[in-house]
Amino acid sequence: MDRRKVILDVDTGSDDAVAIMTALLSPELEVLGICTVNGNRAVSFTTENTLRVKEFLNSSVPVYKGCAMPLVSSLQPGRRKHMPYTGPDNPEENVHSDYLDNMPPAKTAPERVNAVTFLIDTLMASDGDISLILVGPLTNLAVALRIEPAIAGKIKELIIMGGAYEFGNVEPFSEFNIWIDPEAAKIVLDCGAPVTLIPLDATHRACFSEQDCADLDAIGTKASIAAAEFARHRIKGYRQFQPMARPDWGPVHDVLAVAAAIDPTVLKDVRQLYVDVDFAGGRADGMTVIDVDGRDKKAKKNCMVAFNADREKLVAMVKAALARGEKA
Ligand code: RIB
Ligand code: CA
């Protein structure tokens, strides 16, 4: 089987952890490296957590520590408080913690090379056959693009969990990954590489249920049991701060991006549209401005945007991947 070459860019986090485990256990993907970034927590925590997931699966995938701060959004007084630690600002605060406490402390370290250098060197040396799956703020890739713009022509696809059309999570119309670093998102969405954007409109329609968690537990691998624990925690947290269509549902946002890299038909209602990013610092700061009606006739339609997803297909894909892991 031709495995798809991917690089993950994460801010691990509970849903990032499920995404990483699914990617590492999917035979369809060859994970060349995992880059970490400031987001759900400071990059020291997101790196430690990513190493914990890697070791939990006995994986040798290299981990590259990335940017500790957004490009500029934390410089303007009051625009982004609590940087680098984003706890109180993080709408998902009650579904993440500093450490993934269900996994042992990491014994390995990240690579000496930083994430930005890894991205540039790997992409420039490639045949243009590498896709990036980005499920945190887009700071690393934005910096890489500023240092070496030519990488845009070397990227097969950017699959990004981020943005929102109908509703946000950190602000009424802003989603956390974009909101943390709106300027980075603007640079990335306009870089010219093919973009598949997976906003909250899709991830909220592909939630995991309490029953899915029971099924994952029954699969009985270390990875499936850990994923059930993460998903249960998220179902409980979301009931409190952003109730889903059903009270026993919780979104595991990031894993949808991994599934889309394996089988794009897991995404539904996908449209080629122009997506802009507001970084004016006002009430819509960090909003993805999705031009659904094509109002801006001059704009280049820079993204394939997924407005829905196949929940059952996603859950089945995740169960199949995690079932390949080591028995608990
Ligand atoms: O808004 C959801 C996104 O923000 C997810 O990627 C979650 O992990 C956080 O990074
Ligand atoms: Ca994330």
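Numbering of ligands and ligand atoms starts at 1, following listing order.
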Any idea which atoms of ligand 1 are less than 4.0 Å away from a heavy-atom of V135?
6 (O), 10 (O)
Atom indices of ligand 1, in the order listed, that fall short of 4.0 Å to a heavy atom of D11
8 (O), 10 (O)
With the threshold set at 4.0 Å, does a side-chain nitrogen-carboxylate oxygen contact exist between [X] and [Y]?
X	Y	value
R4	E30	no
D263	K313	yes
D190	K300	no
R283	E171	yes
R41	D98	yes
D269	R271	yes
D129	K5	yes
D276	K186	yes

Write out the residue and atom name of the closest protein heavy atom to [atom], then the distance separating them to 0.1 Å.
atom	answer
atom 9 (C) of ligand 1	N40 OD1, 3.2 Å
atom 7 (C) of ligand 1	E92 OE1, 3.1 Å
atom 1 (O) of ligand 1	E175 OE2, 2.6 Å
atom 8 (O) of ligand 1	D15 OD1, 2.6 Å
atom 4 (O) of ligand 1	N177 OD1, 3.2 Å

Find out whether the Lys NZ or Arg CZ of R234 is both under 6.0 angstrom from the six-membered ring centre of W249 and within 45° of the ring's axis.
no
Using the six-membered ring of F56, assess whether NZ or CZ of K222 lies under 6.0 Å from its centre and within 45 degrees of the ring axis.
yes
Closest approach to the Ca ion (ligand 2) by D254, given as the N, O or S atom name
OD2
Is there any N or O on M161 that sits under 3.5 Å from an N or O of ligand 1?
no
Has ligand 1 got any nitrogen or oxygen that is less than 3.5 angstrom from a nitrogen or oxygen of H253?
no
So what does the D11 OD1 - the Ca ion (ligand 2) - D16 OD1 angle come to, to 10°?
90°
Under 4.0 Å from ligand 1, counting heavy atoms only, is it the side chain of [X], its backbone, both or neither?
X	value
D254	side chain
N169	side chain
D16	side chain

Got an N, O or S from V10 under 3.0 Å of the Ca ion (ligand 2)?
no
